[in-house]
Amino acid sequence: MGIIKIKSVNATELDPYLRLSEAQLRNRLDPENALFIAESPNVIRTALDSGVEAVSLFCEKSQIDGEAADIIERIGDIPVYAVDRELFASVKGFALTRGVHCAMKRPKASVPSDVLEDAKRVAVLENTVDAVNLGAIFRSAAALNIDAVLLSPSCSDPLVRRSVRVSMGTVFQIPWAFISNDLYNGGVDELHAHGFKTVAMALSKNSVWIDDDVLKKEEKLAIVLGTEGEGLKDATIDACDFVAKIPMYNSVDSLNVASAATLAFWELRVK
């Protein structure tokens, strides 16, 4: 369809970028046509490299021969909506994303057995609802050789735009899936069925230090992390094989979940 010049942010062509909510983009009633938005050239390239299909592109005119040039060449015969820089920057937050956004088809959802089959280290998230934390956890997982991420049903969607942006596109590189049940009600059992031992990151009397050799020696280990603030549910901790904690000083009792995940991934990675 080529390049289409847009003169108003009210143009209906821009609805997916400017007006549709995350729930509307996800469109559970019509999953074949569900979308997500990828922001910034590097994130879009990573998504395309992973096989995700682009539906349209929204960019500053100046980027057609700049940052978006190779992307436009790759995406084929789909609409490219181009606007003046002033118009692009008038939309709150868009000036920070290097002038290029892409509406893309949501990949087909994986199931836990798909992502666990060849994994040795996985992250398991319980009720992690903050998209920024979720994106940061994915980025750390990719950097520190975590093979997959599993999410409880109450977790945030990894493909909301803030999560995609903060992850720097690693949500397309690390296999992930939602489990069908809460961790304490079948989720941990599913991990055990695939040969994993589970370690809950929590403060409790029977916690071991995160660098304990008993954890590092496990061939297949699932690192279980909880929600922001409250941490893991007691029933989830009880269902896990081990409980581990990170040494703390200066009366600080815990770290942000994304920070805790990074330290756990580093300490328990397969070397």
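Bear in mind the structure is a predicted one, so any value in this text is a computation, not a measurement.
Partners of Gln24 by side chain to side chain donor-acceptor pair (under 3.5 Å), not counting sequence neighbours, listed by chain and number: Ser21. The salt bridge (Lys or Arg N to Asp or Glu O under 4.0 Å) search around Glu190 returns none, not counting sequence neighbours.
Cluster annotation: Tyr184 is not connected to Leu232 through the hydrophobic network of ILVMFWY side chains, with a link wherever side-chain heavy atoms come within less than 4.5 Å. Side-chain heavy atoms closer than 4.5 Å link hydrophobic residues (I, L, V, M, F, W, Y) into clusters, and following such links, possibly through other members, connects Ile210 to Trp266. Put simply, Ile246 and Leu203 are part of two different groups of oily side chains (I, L, V, M, F, W, Y) that touch within less than 4.5 Å, one to the next. Side-chain heavy atoms closer than 4.5 Å link hydrophobic residues (I, L, V, M, F, W, Y) into clusters, and following such links, possibly through other members, connects Ile174 to Leu225. Leu159 and Val115 fall into different hydrophobic clusters, where Ile, Leu, Val, Met, Phe, Trp and Tyr side chains are chained together by heavy-atom contacts under 4.5 Å.
Counting only heavy atoms from C-beta outward, the side chains of Leu221 and Phe196 never approach each other to under 4.5 Å. A 4.5 Å side-chain heavy-atom check between Val124 and Thr198 finds every atom pair outside the cut-off. Side chains of Arg26 and Arg106 form a contact here, defined as non-hydrogen atoms less than 4.5 Å apart. Between Ile71 and Gln63 the shortest side-chain heavy-atom distance does not fall below 4.5 Å. Looking at Ile78 and Val55, their side chains never come closer than 4.5 Å, going by heavy atoms from C-beta outward. Side-chain contact between Phe242 and Val214 is present, with heavy atoms from C-beta onward closer than 4.5 Å. Proximity of Ile75 to Val80: side-chain heavy atoms (C-beta onward) are separated by under 4.5 Å at one or more points. Using a 4.5 Å heavy-atom cutoff, the side chains of Ile223 and Met201 are in contact.
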Side chains of residues 140-150: which donor-acceptor pairs under 3.5 Å do they make with residues two or more places apart or in other chains?
residue: Ser140; atom: OG; partner: Ala136; partner atom: O; Å: 3.3
residue: Ser140; atom: OG; partner: Thr262; partner atom: OG1; Å: 2.6
residue: Asp147; atom: OD2; partner: Lys120; partner atom: N; Å: 2.7
residue: Asp147; atom: OD2; partner: Arg121; partner atom: N; Å: 3.0

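Glu22 places a side-chain N or O within donor-acceptor distance of the main-chain N or O of Arg161, the cut-off being under 3.5 Å. At least one donor-acceptor pair closer than 3.5 Å links the side chain of Lys220 to the backbone N or O of His194. Without hydrogens or angle criteria, Thr46 side chain to Asn42 main chain gives a donor-acceptor distance under 3.5 Å. Side-chain N or O atoms of Asp84 include none that pairs as donor or acceptor with a backbone N or O of Glu86 at under 3.5 Å. The closest donor-acceptor contact from the side chain of Asp130 to the backbone of Asn133 lies under 3.5 Å. Ser167 contributes a side-chain N or O that, together with a main-chain N or O of Val164, makes up a donor-acceptor pair within less than 3.5 Å. At least one donor-acceptor pair under 3.5 Å links the side chain of Ser207 to the backbone N or O of Ala202. Between the Trp209 side chain and the Lys245 main chain, no donor and acceptor come within less than 3.5 Å of each other.
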What's the verdict on side chain to side chain contact (heavy atoms under 4.5 Å, CB included) for Asp70 and Arg45, showing C-alpha distance, side-chain angles and the deciding distance?
CA-CA 9 Å; Asp70 64 301; Arg45 292 184 190 109; 2.8 Å; yes
Give the intermediate values and the outcome of side chain to side chain contact (heavy atoms under 4.5 Å, CB included) for residues Val9 and Leu18.
CA-CA 8 Å; Val9 293; Leu18 305 183; 3.9 Å; yes
Apply side chain to side chain contact (heavy atoms under 4.5 Å, CB included) to the pair Lys61 and Lys5, showing each step before the final yes or no.
CA-CA 8 Å; Lys61 289 179 183 177; Lys5 295 182 179 180; 4.2 Å; yes
For Asn127 and Ser152, what are the C-alpha separation, side-chain angles and deciding distance, and is it a side-chain hydrogen bond (donor to acceptor under 3.5 Å, both in side chains)?
CA-CA 6 Å; Asn127 198 27; Ser152 74; 5.7 Å; no
Between Asn27 and Asn33, is the side-chain hydrogen bond (donor to acceptor under 3.5 Å, both in side chains) condition met? List the steps.
CA-CA 7 Å; Asn27 196 356; Asn33 293 305; over 6 Å; no
Given Val224 and Leu183, is the side chain to side chain contact (heavy atoms under 4.5 Å, CB included) satisfied, shown in steps?
CA-CA 9 Å; Val224 185; Leu183 293 175; 3.7 Å; yes
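How far CZ of Arg85 is from OG of Ser62: 6.5 Å, rounded to the nearest 0.5 Å. Atom CD of Glu39 is separated from atom CZ of Arg165 by 4.5 Å, given to the nearest 0.5 angstrom. The line from OG of Ser8 to CG of Leu14 is 8.0 Å long, rounded to the nearest 0.5 Å. Note that CD1 of Ile37 is 8.0 Å distant from CG of Leu20, once rounded to the nearest 0.5 Å. Here the CH2 atom belonging to Trp176 is positioned 7.5 Å from the OG atom belonging to Ser110, to the nearest 0.5 angstrom.
In plain terms, the two heavy atoms of Leu25 and Pro16 that are nearest each other are CD2-O, 3.8 Å. Contact record, Gly169 with Val43: N-CG2, 3.9 Å, taken as the closest heavy-atom pair. Contact record, Ala258 with Ile137: CA-CG1, 3.8 Å, taken as the closest heavy-atom pair. Contact record, Leu255 with Met248: CG-CE, 3.4 Å, taken as the closest heavy-atom pair. Listed here is the closest heavy atom pair of Asn181 and Pro153: O-CD, 3.6 Å. Closest approach of Ser154 and Val129 over heavy atoms only: O-CG1, 3.6 Å.
Looking at Glu267 and Lys216, a side-chain N of the basic residue comes within less than 4.0 Å of a carboxylate O on the acidic one, giving a salt bridge. Taking the charged nitrogens against the carboxylate oxygens, Lys217 and Asp212 have no contact shorter than 4.0 Å, which rules out a salt bridge. Remark: Asp15 engages Arg19 in a salt bridge, criterion side-chain N to carboxylate O under 4.0 Å.
Under the 3.5 Å distance criterion, with hydrogens and angles disregarded, a donor-acceptor pair is assigned to the side chains of Ser204 and Asn206. Residues Thr236 and Glu126 have side chains that bring a donor and an acceptor to within less than 3.5 angstrom of each other.
Surrounding CG of Asp234 are at most 12 heavy atoms belonging to other residues, nucleotides or ligands under 6.0 Å away. Counting heavy atoms of neighbouring residues, nucleotides and ligands inside a 6.0 Å radius, atom CD of Glu13 exceeds 12 of them. The local environment of CZ in Arg162 is sparse, with at most 12 non-hydrogen atoms from other residues, nucleotides or ligands closer than 6.0 Å.
Two rings, from Tyr17 and Phe58, have their centers less than 6.0 Å apart. Here the two rings, on Phe172 and Phe36, have centers that are under 6.0 Å apart.
Here the rule is side-chain contact (heavy atoms from CB on, under 4.5 Å) with Leu151, and of Thr128, Ile179, Leu134, Asp157 only Leu134 fits it.
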